[in-house]
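Each chain gets a letter, A, B and so on, in the order the sequences are listed, and its residues count up from 1.
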Amino acid sequence: MAKRYWLMKSEPDVYSIDDLEGDGRTLWDGVRNYSARNNMRAMEVGDLVLYYHSRQDPPGVAGIARVCSAAYPDPTQFDRKSKYFDEKSTEAEPRWWLVDIEFVEKFESGVGLPDIKARPELADMVLVRQSRLSVQAVTEAEFRTVREMAAGH
DNA sequence: GCCAACGTTGGC
DNA sequence: GCCAACGTTGGC
């Protein structure tokens with residue numbers, strides 16, 4: 001399977017690219033949206049991820065991460081003390097899946113959403129068309145464009 | 001902090 | 001299976 005590209009959102013107050021850099025890798029727990037889950041289940045080790053900071057001014061892509069595990073059940077769905085606990089999920093048939101991601105790169109200056117929206121070749125990004133989905137697929141061309149924008153092109 | 005857009009739930 | 005009500009996300 002050819003390498004694929006993704007975009008994952010995080011509120012920097014909760015878990016920023018700096019947190020990821022400090023930790024090296026993390027499990028992307030707490031996703032409770034079926035589209036986002038399905039995207040994570042489609043991920044493979046080595047896929048690259050645009051790491052997006054939402055709810056900051058301006059929001060935008062802060063850097064790059066890499067998928068470093070296959071999808072596996074989100075442990076927080078079985079944890080009664082977790083706010084992500086889901087009583088309808090069972091170990092035999094887990095509802096929620098996640099992957100681990102690892103830090104790759106932090107952009108010197110992030111690529112802001114207004115700049116992304118201003119690029120005609122990025123007009124079809126899920127980010128632009130359906131802003132709420134927290135784990136999105138990105139095309140290789142879109143990924144490359146964002147990376148070039150971060151490099152100042 | 002507001003509120004539009006979207007996803008989910010549940011009554012019928 | 002429809003759709004109103006509700007909760008959440010996330011740009012502004």
Stepwise salt bridge (Lys or Arg N to Asp or Glu O under 4.0 Å) test for A/E148 and A/R144: CA-CA 6 Å; A/E148 283 167 5; A/R144 208 181 305 125; 5.5 Å; no
Among A/E142, A/M125, A/M149, side chain to side chain contact (heavy atoms under 4.5 Å, CB included) partner for A/R119: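 So, applying the side chain to side chain contact (heavy atoms under 4.5 Å, CB included) to A/R119 and each of A/E142, A/M125, A/M149, only A/M149 qualifies.
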Closest contact, heavy atoms only, A/P94 versus A/F78: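 Nearest pair, atom of A/P94 first, then A/F78: CB-CZ, 4.0 Å.
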Touch class at under 4.0 angstrom, heavy-atom based, for A/D57 against every strand present: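 Nothing, no nucleic acid heavy atom in range.
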Could you state the atom-to-atom distance from [atom1] of [X] to [atom2] of [N] in whole Å?
X      : N      : atom1 : atom2 : answer
A/R32  : C/dC6  : CZ    : C1'   : 20 Å
A/W96  : B/dG7  : CH2   : C1'   : 10 Å
A/Q136 : C/dT9  : CD    : C1'   : 12 Å
A/N38  : B/dG7  : CG    : P     : 13 Å
A/Q56  : C/dT9  : CD    : C1'   : 15 Å
A/D13  : C/dG11 : CG    : P     : 13 Å
A/R95  : B/dT9  : CZ    : C1'   : 11 Å
A/Y84  : C/dT8  : OH    : P     : 12 Å

Between A/R132 and A/S35: side-chain donor-acceptor atoms closer than 3.5 Å: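 The criterion, which ignores hydrogens and geometry beyond distance, is not satisfied for A/S35 and A/R132.
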Distance-only side-chain donor-acceptor flag, A/Q77 / A/S89, under 3.5 Å: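 Side-chain D/A pair, A/Q77 to A/S89: present.
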Parallel, tilted or perpendicular: rings of A/W28 and A/Y15 (30°, 60°):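 Judged by the thresholds at 30° and 60°, the geometry between A/Y15 and A/W28 is perpendicular.
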DNA chain B contacts made by residues 122-135 of chain A, counting heavy atoms under 4.0 Å: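 The answer is A/Q130, A/R132.
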Relative orientation of the end axes in the helix from B/dG1-C/dC12 to B/dC12-C/dG1, expressed as an angle to the nearest 10° (five pairs per end):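 Taking five pairs per end, the axes differ by 0°.
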Worked verdict on A/D47 versus A/R66 for salt bridge (Lys or Arg N to Asp or Glu O under 4.0 Å): CA-CA 6 Å; A/D47 287 355; A/R66 185 188 300 113; over 6 Å; no
Trace of the salt bridge (Lys or Arg N to Asp or Glu O under 4.0 Å) decision for A/D74 with A/R32: CA-CA 10 Å; A/D74 181 342; A/R32 294 294 180 269; 3.0 Å; yes
Phosphate-side-chain proximity, A/Y52 and C/dG11, N/O vs OP1/OP2 below 4.0 Å: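 Checking A/Y52 against C/dG11: at least one side-chain N or O falls below 4.0 Å of OP1 or OP2.
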Phosphate contact (B/dT8 OP1 or OP2) by A/K88 side-chain N/O below 4.0 Å: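 For A/K88, the contact criterion (side-chain N or O under 4.0 Å from OP1 or OP2 of B/dT8) is not met.
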Verdict with supporting geometry, A/R25 and A/D100, salt bridge (Lys or Arg N to Asp or Glu O under 4.0 Å): CA-CA 7 Å; A/R25 66 186 279 168; A/D100 292 355; 2.9 Å; yes
